[in-house]
Protein chains: 2
Amino acid sequence: MSPPTDTPSADRELIDLLHRRGHRVTPQRVMINRLLRSRDTHLTAEDVHASVAAGLPGTSLPTVYATLDLFAELGLVRRVRAGFGPALYDSRGTDHHHLVCRVCGAVRDVDVDLDLSPAKAAVETLGFTAERVDLTVDGVCAGCRGTG
Amino acid sequence: MSPPTDTPSADRELIDLLHRRGHRVTPQRVMINRLLRSRDTHLTAEDVHASVAAGLPGTSLPTVYATLDLFAELGLVRRVRAGFGPALYDSRGTDHHHLVCRVCGAVRDVDVDLDLSPAKAAVETLGFTAERVDLTVDGVCAGCRGTG
DNA sequence: CTGGATGCAAACTCTTTGCATGCAT
DNA sequence: ATGCATGCAAAGAGTTTGCATCCAG
């Protein structure tokens, strides 16, 4: 049960990035970064808080939010508002899209390869600078299918 | 300044639909439907409440939410969670996508034609029943471009 | 040392719920 | 008459803010 990510290198990358951007390196930031790198699921701020507070007692929820905001700004995570409920934080690897069950709220990744450049192009025509394209498919998952 | 929509026919369609689905026809529902049909922008529940309460005093915000939920279920509106802030209700005409400025939060429509069937297909492979595909482009609008 | 980062509590926004009343059917 | 829909108030979930303290640089 060793962590699936190379912790030291994840730490190093974070530390360099923080220094480069003039931010401080704090235990909370390091721990949150490790957690994000070690899971490939989407996490809520609550999830992050619960996991991090276990190893770093006294870590507060507001700090988790602040850190996740910072990480989003640094491009380390994507904040995804899928369906109802809390926002999800996605430690972004490759670009992928999301699948949301409107019954149980479950969120899954979709790895289909779509050409979204027409959308970006159309958007730039409007004087808009496109930074990110999110595709969300809403529907009903297999498990909730029979439930009604 | 006559309303851009044919009010009587919008009323009729709503009334038929409500009856067909076993729902009651109430003044609130009729008014909210008219409002949605007469505007082509995205409205928040607050917006709807303010406009409807003007013509139908005493209409409450919870009723607006309940009505918008019902309309969403009936396919009359799409609820769009774009960026931060309150949900937007989109009186759906043709399928289109959304553009969100992360600075000012403005939401615009994008009418680009994309082939999203690969996404739907991929999703069905996972046992998921796709009901709707939302594409959101995040970025910075022309107005906020210089601001920083 | 100095100011950015944190913890705690409290505020805030948006949305939903409970319950008595009212009106569409 | 029957019970779905409503209004009001109050609760609830998720997130943000204010301020004193703390620690990374």
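Letters go in sequence order (proteins before strands), and every chain restarts at 1. Note that these values count all heavy atoms, side chains included, but never hydrogens, waters or copies made by symmetry.
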Whole-Å distance separating the CG atom of A/Leu68 from the C1' atom of D/dT16: 14 Å
Side-chain N,O (B/Arg79) to OP1/OP2 (C/dT15) below 4.0 Å: yes
Identified side chain to side chain contact (heavy atoms under 4.5 Å, CB included) counterpart of B/Ile32 within the set B/Leu36, B/Val30, B/Leu35: B/Leu36
Closest-nucleotide ordering on DNA chain C, the 5'-leading residue of B/Ala87 and A/Thr67: A/Thr67
For atom CZ of A/Arg29 and atom C1' of C/dG7, their distance in whole Å: 14 Å
Sugar-phosphate only, base, or nothing, as touched by B/Glu46 at under 4.0 Å among non-hydrogen atoms: nothing
A/His42 versus A/Asp109, side-chain donor and acceptor atoms under 3.5 Å: yes
Sugar-phosphate, base or nothing in reach of B/Ala66, heavy atoms under 4.0 Å: nothing
Value in whole Å for how far the P atom of D/dG18 lies from CG of A/Leu61: 18 Å
Side-chain N,O (B/Tyr65) to OP1/OP2 (C/dT15) below 4.0 Å: yes
Interatomic distance, A/Leu56 CG vs D/dC22 C1' [rounded to whole Å]: 14 Å
Any B/Ser60 side-chain nitrogen or oxygen under 4.0 Å from OP1 or OP2 of D/dT6: no
Backbone of A/Thr44 reached by a side-chain donor or acceptor of A/Asp47 within 3.5 Å: yes
Side chains of B/Ser91 and B/Arg39, donor plus acceptor under 3.5 Å: no
Atom-pair distance (CD1 on B/Ile15; P on D/dA5), nearest Å: 15 Å
B/Gln28 vs C/dC23: side-chain N/O to OP1/OP2 distance below 4.0 Å: no
Sugar-phosphate only, base, or nothing, as touched by B/His19 at under 4.0 Å among non-hydrogen atoms: sugar-phosphate
Residue B/Thr63, side-chain atoms from C-beta onward, closest of D/dT16, D/dT6, C/dT6: D/dT6
Among D/dT16, C/dT25, D/dT6, the one nearest A/Pro62 by side-chain distance: D/dT16
Interatomic distance, A/Met31 CE vs C/dA5 C1' [rounded to whole Å]: 17 Å
Sugar-phosphate, base or nothing in reach of A/Thr59, heavy atoms under 4.0 Å: sugar-phosphate
Spacing of A/Asp47 atom CG relative to D/dG14 atom P, expressed in whole Å: 11 Å
Donor-acceptor pair, side chain of B/Asp134 and main chain of B/Val80, under 3.5 angstrom: no
Of B/Leu88 and B/His23, the one whose closest DNA chain C nucleotide lies more 5': B/Leu88
For atom NE2 of B/His49 and atom P of D/dT6, their distance in whole Å: 13 Å
Backbone of A/Arg24 reached by a side-chain donor or acceptor of A/Arg29 within 3.5 Å: yes
Polar side-chain contact A/Arg24-C/dG4 base: donor and acceptor under 3.5 Å: yes
C/dT6 OP1/OP2 closer than 4.0 Å to side-chain N/O of A/Thr26: yes
